[in-house]
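As C-alpha cells, the structure follows; a few thoughts come after it.
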Amino acid sequence: MAPALINANPVVYEKKERPARSRPGDGDFDEYATEFIDQLEIFDILQICLCEFTYHNIDIKDPEHPYSLEELKVITEDAIEVDDKRSYVRVTFTPTVEHCSMATIIGLCLRVKLMRSLPSRFKVDIRVAPGTHATEDAVNKQLNDKERVAAALENPNLVDMVDECLTPSYE
C-alpha cells in the first residue's frame with residue numbers, strides 16, 4: 001500500500017515568463033571577473049542547470065509530487081533576499097500545507113543546491129515563511145544549524161532524497 005500524501009491535491013500555478021539572461025560566452029564576458037549575485041541569479045540557480053553552456057530547466061522537485069517548487073509557489077523570486085557586498089542570501093519558502101512533514105527536506109534541498117552553486121563566501125539562510133508551518137521555529141533551527149545540516153548530509157537516505165529532488169528532469 002502506497003503511503004498517504006500530506007497534500008494529495010496541491011494547487012499548481014503556471015510558471016512565470018522570465019527574460020533571457022546573458023550566458024558565459026555572450027559579449028564581453030570576463031571569466032576572471034567577480035560575478036555579481038542578485039535575487040534573480042539565486043532564483044535561476046534554484047531553477048536552472050548550466051550543462052556545457054546550454055541551459056536546461058531542472059526545477060527542484062517537490063518530494064511528494066512531480067511538480068517544481070515554483071509551480072507549487074513554495075519558492076518565489078520575491079522571497080529571496082541577496083546582499084552581494086555582505087555575501088548574504090536568504091531564501092524564504094512556503095510549504096503547501098502548514099503541517100507539511102517535507103518542509104525540512106525541501107529546505108535542505110534549497111540549502112544543498114545553493115551550497116553546491118554559490119561561492120563559499122556566501123552565508124545562506126533558509127527560512128520557512130512566518131505563519132506558514134506548524135513547527136516553523138523548529139524547522140528554521142534545523143535548516144540553519146551547521147552541525148544539524150552536516151549530520152543530515154551524512155545520512156545516505158536523506159542524501160538520496162535530496163539528490164532525487166535535485167535530479168534534472170529535462171522536460
If you round to the nearest 0.5 Å, how far is [atom2] of [Y] from [atom1] of [X]?
| X | Y | atom1 | atom2 | value |
| --- | --- | --- | --- | --- |
| C109 | D163 | SG | CG | 8.5 Å |
| D78 | T92 | CG | OG1 | 11.0 Å |
| L110 | M115 | CG | CE | 12.5 Å |
| D84 | Q39 | CG | CD | 13.0 Å |
| I37 | I42 | CD1 | CD1 | 5.5 Å |
| K123 | L118 | NZ | CG | 13.0 Å |

Could you check if a side-chain atom of [X] sits within less than 4.5 angstrom of a side-chain atom of [Y], using non-hydrogen atoms only?
| X | Y | answer |
| --- | --- | --- |
| V128 | P95 | yes |
| R111 | V91 | no |
| V139 | E136 | no |
| I105 | L158 | yes |
| R127 | L143 | no |
| V149 | V112 | no |

* Indicate the atoms forming the closest heavy-atom contact of I75 with F93, along with that distance. =>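 In terms of heavy atoms, the two residues are closest at CG2-CB, 3.9 Å.
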* Could you tell me which non-hydrogen atom of Y88 sits nearest to which non-hydrogen atom of F122, and how far apart they are? =>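 Residues Y88 and F122, closest heavy atoms: N-CD2, 3.7 Å.
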* Asked: Does atom CZ of R116 have more than 12 heavy-atom neighbours from other groups under 6.0 Å away?
  ->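 It does: R116 CZ has more than 12 such atoms within range.
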* To do: Look at atom NZ of K141 and say whether more than 12 heavy atoms of other residues, nucleotides or ligands are closer to it than 6.0 Å.
  =>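 Count not over threshold, so no.
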* Working for side-chain contact (heavy atoms from CB on, under 4.5 Å), residues L108 and L153 -> CA-CA 9 Å; L108 189 60; L153 295 176; 4.3 Å; yes
